[in-house]
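Below you'll find the structure, written out as structure tokens, and then a few comments.
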Amino acid sequence: MALTREEVEHIAELAKLALTEDEKARFQEQLSDILEHFQQLQALDTSAIPPTATVLPLRGVMRDDVVTPSTPTPVVLSNAPQATDDSFEVQAVLD
Amino acid sequence: MASLTWLTIREAHDQLARKEISSVELTQAVLDRIAALNGRIHAYLKVAGDRALAQAREADARRAQGEDTPLLGVPLAIKDVICVEGLPCTCGSRILENFVPFYDATVIERLRALGVVILGKTNTDEFAMGSSTENSAYGPTHNPWDLSRVPGGSSGGSAAAVASDMALGALGSDTGGSVRQPAALCGVVGIKPSYGRVSRYGLVAFASSLDQIGVFARNVHDSATLLGAIAGHDPRDSTAMPTPVPDYGAALRPDLKGVKVGVPKEYFIEGMQPDTESAVRAAIEVMRSLGAEVREVSLPHTDYGLPVYYLIAPAEASANLARYDGVRYGLRKSGAEMWDTYTATRGAGFGAEVKRRIMIGTYALAAGYYDAYYLKAQKVRTLIKADFDAAFAQVDVIVCPVSPSTAFKIGEKVDDPLQMYLSDVFTLNANLGGICGIALPCGFDAQGLPIGMQVNGPAFGEEKILRVAYAYEQATEWHTRRPAL
């Protein structure tokens, strides 16, 4: 289950992770080893087995629609790397 | 007078209630201990001494007014993945180096209501991803029993703090063993509650179908007190079950008459440290002598737990950690355009293990690989859970080792991720099955390092595991040993 360098770069792009050349080389080797180890799962016949996403019996839990006080905007913005007035500041998405 | 820092939570409570000591005296003694030792052990990332003393004064004032709770004025440590209003919450990561939550996690709110004193935030593998606390961006924690060794992880700071008398108890989080494994490697008691038993509101998310907040203490009684304090329904976490919280203290009894103890043959494997196997087998004989009926059980899909966990947890993590984009909180590294800023921020802010897991998870969820990896892992998870259901139809608890070996050397496994992952091989499946487990000391190896045993019970069977652990603990003295520091 050897990953190519192109696959490593593609996954990093999907995950929006900047990797150094050294990281790409290391991850190519390590991820190949790890995925190889995971091949043992293919030995099990699971064609009749449903998947488990959560062990809880609860689905779609709703709370009562009660209005409660919100956190004041300046507090919400207190951890923002960049903020102006009452907004998070980001780069333009569209030209 | 014996050192105040050695007191158990129950002893501290009793002395506080009799007004023999004040919370300010107790808290100051623990802060002095931290000042003397934290430089060598590095259990705490942040010590909040002034705040802790203010909380201690408040606790003393509440007691003077006649109030009493099992935790009023008791100083505890909190893993740095749980939000405490006004204290940094770094998750052991550079990306959250300057993040200061403006609210308390539900578990913190509950502890505060009971009058707990919060000493500070403890070291963790970055975003709780690791088994040694070496993945912290702020440097490793050292095992109090041997400073050249790891404390386990990811809640290694909390475990080391409790083991070295730098806290009377602590909170951690357990996604694949991150409370039980460090508890075992540091010789303290650690509980991973059932999935849904404790609210995760204010716990920084790693893998949402597996994460659970757990507790550390120096004995089973104290751990039961802490669990009872934080457990229960929370409208702010849809996975916190409305099941009533029993009086865990009432479950503690000194005998095991009528208790069926299962021993899973798949957990006594080749390559396990011989000291570990013999200590756990001896512990099972102690349980038999206390009246337990011991029988072998089989969990046939045990071996598949490692690949299932290391696909599901990274997949969920890759989604959860998408939020670290430098917009609302955390580090921002600006690039030419928005996407450049995202990739640069995440490239600079995350460490190697977090990047590795985001990569594995993204791969497992990617088009073309989803069915073969992620969906396959979810299906095998069904089989692992079914193994537990079948076993718990025959026995009350399952007893096994926590970790295949005692504490390993710092640096020994950092360059071999797969070897590191194997240190969780006995703890992962409890999270996949959503069941509860407690780790407690059951011996020492030839080098004097603690050995841990795990007592697992069915989902919401905390009373069963506490009863078994307590009876064993009462019959033995391992939990009374302290590292020489």
Side-chain angles (χ1 to χ4, degrees), chain A residues 3 7-8 10-20 23 26-27 30-31 33-64 66 71-72 75-83 88-94, chain B residues 98-100 102-103 195-196 209 235 238-239 241 301 303-304 306-308 310-311 318 322 325-332 334 337-339 341-344 346-348 350 352 355-356 358-360 362-363 366 372-373 375-383 385 417-418 421 432-434 459:
Chain A
L3 282 182
E7 283 175 305
V8 170
H10 174 62
I11 302 163
E13 170 55 26
L14 290 175
K16 296 287 172 258
L17 273 179
L19 297 183
T20 64
E23 283 175 323
R26 207 151 17 102
F27 286 166
Q30 290 174 340
L31 297 188
D33 282 353
I34 291 166
L35 292 170
E36 176 68 37
H37 185 84
F38 293 175
Q39 285 299 314
Q40 61 172 294
L41 289 183
Q42 305 308 325
L44 277 178
D45 178 7
T46 52
S47 50
I49 309 295
T52 294
T54 171
V55 296
L56 293 186
L58 302 172
R59 294 291 182 276
V61 177
M62 308 293 271
R63 62 166 171 77
D64 294 337
V66 177
T71 307
V75 177
V76 173
L77 294 173
S78 62
N79 279 296
Q82 276 178 267
F88 295 105
E89 196 175 330
V90 293
Q91 285 158 294
V93 180
L94 302 169
Chain B
N98 298 312
F99 174 63
V100 181
F102 48 77
Y103 65 96
Y195 186 79
S209 81
S238 66
T239 66
M241 293 283 280
H301 297 93
D303 285 353
Y304 298 103
L306 185 88
V308 169
Y310 279 101
L311 286 164
S318 72
D325 55 7
V327 173
R328 288 164 298 162
Y329 35 67
L331 182 77
R332 177 186 292 191
S334 293
E337 293 181 48
M338 182 191 72
W339 291 115
T341 299
Y342 286 3
T343 56
R346 295 161 61 79
F350 292 136
K355 286 180 184 170
R356 200 152 35 230
I358 290 174
M359 294 286 287
I360 296 171
T362 305
Y363 182 85
Y373 288 99
L375 190 62
K376 183 81 184 182
Q378 286 192 317
K379 288 179 172 184
V380 181
R381 184 176 184 182
T382 303
L383 297 172
K385 183 173 183 301
L418 206 47
Y421 297 170
L432 292 170

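Chain identifiers are assigned alphabetically (A, B, ...) following the order of the sequence lines, protein sequences preceding nucleic acid strands; residue numbering begins at 1 within each chain. Please read all numbers here as calculations on a predicted model, not as lab measurements.
Shown here for A/A53 and B/S209, the closest heavy-atom pair between the two residues is O-CB, 3.4 Å. Taking both residues in full, the closest heavy atoms of B/V327 and A/F88 are given as O-CD2, 3.6 Å, listed atom of the first, atom of the second, then distance. Shown here for B/R332 and A/P81, the closest heavy-atom pair between the two residues is CB-CB, 3.7 Å. Across A/A18 and B/K355, no two heavy atoms sit closer than the pair O-NZ, 4.2 Å.
With chain A as the partner, the residue from B/Y304, B/Y342, B/Y329 showing the most heavy-atom pairs under 4.5 Å is B/Y304. Looking only at heavy-atom pairs under 4.5 Å with chain B, the residue among A/T54, A/I49, A/I34 that has the most is A/I49.
Taking CZ from A/R63 and OG from B/S238, the interatomic distance works out to 11.0 Å, rounded to the nearest 0.5 Å. For the atom pair A/K16 NZ and B/I358 CD1, the distance stands at 13.0 Å (nearest 0.5 Å). B/Y373 contributes atom OH, which lies 4.5 Å from atom CD of A/Q39 (distance to the nearest 0.5 angstrom). B/T343 contributes atom OG1, which lies 8.5 Å from atom CG of A/L17 (distance to the nearest 0.5 angstrom). Atom CD of A/E13 is separated from atom OG1 of B/T362 by 11.0 Å, given to the nearest 0.5 angstrom. Expressed to the nearest 0.5 Å, how far CG of A/L19 lies from CE of B/M359 amounts to 5.0 Å.
For a residue to count as touching a neighbouring chain, one of its non-hydrogen atoms must lie under 4.5 Å from one of that chain's; by this rule A/T20 does not touch chain B. With a 4.5 Å cut-off on non-hydrogen atoms, A/E89 touches chain B through its backbone but not through its side chain. Neither the backbone nor the side chain of B/S318 comes within contact range of chain A, judged by heavy atoms closer than 4.5 Å. If you measure heavy-atom distances from A/S78 to chain B, the contacts under 4.5 Å come from the side chain alone. In this structure, chain B has heavy atoms under 4.5 Å from both the backbone and the side chain of A/Q40. Contact of B/Y310 with chain A is made through backbone and side chain together, with heavy-atom distances under 4.5 Å.
For the pair B/K379 and A/L41, the minimum side-chain heavy-atom distance is 4.5 Å or more. Side-chain contact between A/L14 and B/Y363 is absent, with no heavy atoms from C-beta onward closer than 4.5 Å. Counting heavy atoms from C-beta outward, B/M241 and A/P57 have side chains that approach closer than 4.5 Å. Contact of the A/F38 side chain with the B/L311 side chain is registered, since non-hydrogen atoms from C-beta on lie closer than 4.5 Å.
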Checklist entry - Checking side-chain hydrogen bond (donor to acceptor under 3.5 Å, both in side chains) for the pair B/K385/A/T52: CA distance, chi angles, key distance, verdict? => result CA-CA 9 Å; B/K385 183 173 183 301; A/T52 294; over 6 Å; no
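With hydrogens and angles ignored, the 3.5 Å screen pairs a side-chain donor or acceptor of A/N79 with a backbone N or O of B/V100. In this structure a side-chain-to-backbone donor-acceptor pair under 3.5 Å is present from B/K376 to A/L44. Judged by distance alone, with hydrogens and angles left aside, the side-chain atoms of B/R346 form a donor-acceptor pair with the main-chain N or O of A/A15 at under 3.5 Å.
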